[in-house]
Protein chains: 2
Amino acid sequence: MGVTKTQNFTEEQNQVATYAKALAHPARVAILQYLLKKQTCICGDLVEELPLAQATVSQHLKELKAVGLIRGTVEGTSVCYCIDKHKWEEVRDVFFNMFSSNVECQDKCC
Amino acid sequence: MGVTKTQNFTEEQNQVATYAKALAHPARVAILQYLLKKQTCICGDLVEELPLAQATVSQHLKELKAVGLIRGTVEGTSVCYCIDKHKWEEVRDVFFNMFSSNVECQDKCC
DNA sequence: TTATTATAACGCAATATTACGATTAAATTT
DNA sequence: AAATTTAATCGTAATATTGCGTTATAATAA
């Protein structure tokens with residue numbers, strides 16, 4: 001029904017899913033990569049960087065803000081965006097942890 | 001419109017987004033964690049492990065198979081699932097690469 | 001052959017996501 | 001004050017996702 005049964009899964013599973021969902025659109029990946037590349041606050045020029053309308057970019061920014069990966073501070077007429085270092089490292093660690101186990105299947109069927 | 005403008009983003013951006021989408025549901029995370037924990041092929045008992053109906057589990061398995069993260073081999077009446085080691089490491093590397101840059105913002109506004 | 005078991009496929013309903021034009025809000029410039 | 005700039009919000013349309021009952025399908029067991 002498009003409704004995820006969140007309460008039936010572990011906190012870790014929901015956390016991975018939530019963070020993964022934030023990265024599950026190329027526009028949001030592009031936004032994060034752009035902010036990472038610049039290593040600074042971006043005031044304004046994000047819409048020109050993406051092949052999407054201003055309203056759509058704003059919506060993706062909102063989602064990234066909702067999970068806490070970016071922050072936006074109003075700077076006069078424009079808004080200053082940057083990656084939240086603390087959250088970024090938390091998300092990184094969640095993924096690193098997920099991928100830390102080695103895959104070793106001894107069975108012949110694989 | 002629910003349609004992602006894939007062609008307007010880089011291959012890397014689409015790759016991260018695609019793999020993230022595969023992890024963007026707690027049930028699929030749970031499936032992967034279960035396969036990782038067992039370190040072997042799982043024949044059958046996946047539905048009992050999850051708080052979802054068989055049809056729903058089957059659908060999540062299909063999605064994980066579609067991105068190549070798991071493989072299923074028919075073993076008599078049941079199907080044997082395991083993580084595709086090669087793909088798993090590829091996905092891991094894609095995420096590691098995404099998170100390899102350090103966040104250093106010198107601006108006062110952040 | 002006829003159950004039984006295990007899993008995939010189909011189809012539907014509810015909800016979520018993506019995209020964007022239009023509007024609004026708030027600060028800046030003229 | 002009026003016009004301009006920038007970005008959020010609203011409303012809407014198209015499509016995707018999630019969940020599950022039901023129905024195949026296919027191998028094994030009785």
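All values derive from a computational prediction rather than experimental measurement. Within every chain, numbering begins at 1; the chains are lettered A, B, ... in the order of the sequence lines, protein sequences first and strands thereafter.
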Nucleic acid contacts of residues 10-17 of chain B, taken as heavy-atom distances under 4.0 Å to DNA chain D: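 Residues of residues 10-17 of chain B under 4.0 Å from DNA chain D: none.
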Short of 4.0 Å, heavy atom to strand atom, which residues of residues 53-63 of chain B count as contacting DNA chain D?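 Within residues 53-63 of chain B, the residues near DNA chain D are Ala53(B), Ala55(B), Thr56(B), Gln59(B), His60(B), Glu63(B).
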Would you indicate what Thr77(B) reaches in the nucleic acid, counting non-hydrogen atoms under 4.0 angstrom: base, sugar-phosphate, or nothing?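 Contact class for Thr77(B): base.
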Rounding to a whole Å, what distance do you find between Lys65(A):NZ and dA7(D):P?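 For the pair Lys65(A) NZ and dA7(D) P, the rounded distance is 10 Å.
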Can you check the Lys21(A) NZ to dT17(D) C1' distance for me, whole Å?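 About 9 Å, once rounded to whole Å.
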With no hydrogens and no angle check, do the side chains of Thr10(B) and Gln13(B) hold a donor and an acceptor under 3.5 Å apart?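 Distance-only check passes for Thr10(B) and Gln13(B).
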Would a 4.5 Å heavy-atom cut-off, applied to side chains only, mark [X] and [Y] as touching?
{"X": "Glu90(A)", "Y": "Gln15(A)", "answer": "yes"}
{"X": "Leu61(B)", "Y": "Ile31(B)", "answer": "yes"}
{"X": "Ile70(B)", "Y": "Cys82(B)", "answer": "no"}
{"X": "Leu32(A)", "Y": "Leu23(A)", "answer": "yes"}
{"X": "Met98(A)", "Y": "Tyr19(A)", "answer": "no"}

Nearest 0.5 Å, what's the CG-NE2 distance between Leu69(B) and His86(B)?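 Leu69(B) atom CG to His86(B) atom NE2 measures 11.5 Å (nearest 0.5 Å).
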To the nearest 0.5 Å, tell me how far Asn8(B) CG sits from Leu50(A) CG.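 Answer for the CG-CG pair, Asn8(B) versus Leu50(A), is 10.0 Å.
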Which residue lies toward the 5' end of DNA chain C, Val74(A) or Leu52(A), if each is placed at its nearest nucleotide?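 Mapping each residue to its closest nucleotide by heavy atoms, the 5'-most match is Leu52(A).
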Select from Thr6(A) and Val47(A) the residue whose nearest nucleotide in DNA chain D is closer to the 5' end of that strand.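 Looking at DNA chain D, the more 5' nearest nucleotide goes with Val47(A).
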Ring pair (Phe, Tyr, Trp, His ring centres under 6.0 Å) involving Phe96(B) - partner list, sequence neighbours excluded: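 If we apply the ring pair (Phe, Tyr, Trp, His ring centres under 6.0 Å) test to Phe96(B), skipping adjacent residues, the hits are Phe96(A).
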Which residues satisfy the ring pair (Phe, Tyr, Trp, His ring centres under 6.0 Å) test with Phe9(A), sequence neighbours excluded?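 In terms of ring pair (Phe, Tyr, Trp, His ring centres under 6.0 Å), with neighbours along the sequence ignored, Phe9(A) is linked to no residue.
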Go through residues 24-31 of chain A and report each residue with a non-hydrogen atom lying under 4.0 Å from DNA chain C, sorted by number.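 Heavy-atom contacts with DNA chain C come from His25(A), Arg28(A).
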Between dT6(D) and Tyr81(A), is there an OP1 or OP2 to side-chain N/O distance shorter than 4.0 Å?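 Checking Tyr81(A) against dT6(D): no side-chain N or O falls below 4.0 Å of OP1 or OP2.
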Under the salt bridge (Lys or Arg N to Asp or Glu O under 4.0 Å) definition, can you give me all pairs with a residue in residues 17-35 of chain A, not counting sequence neighbours?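 Qualifying pairs, neighbours excluded: Arg28(A)-Glu63(A).
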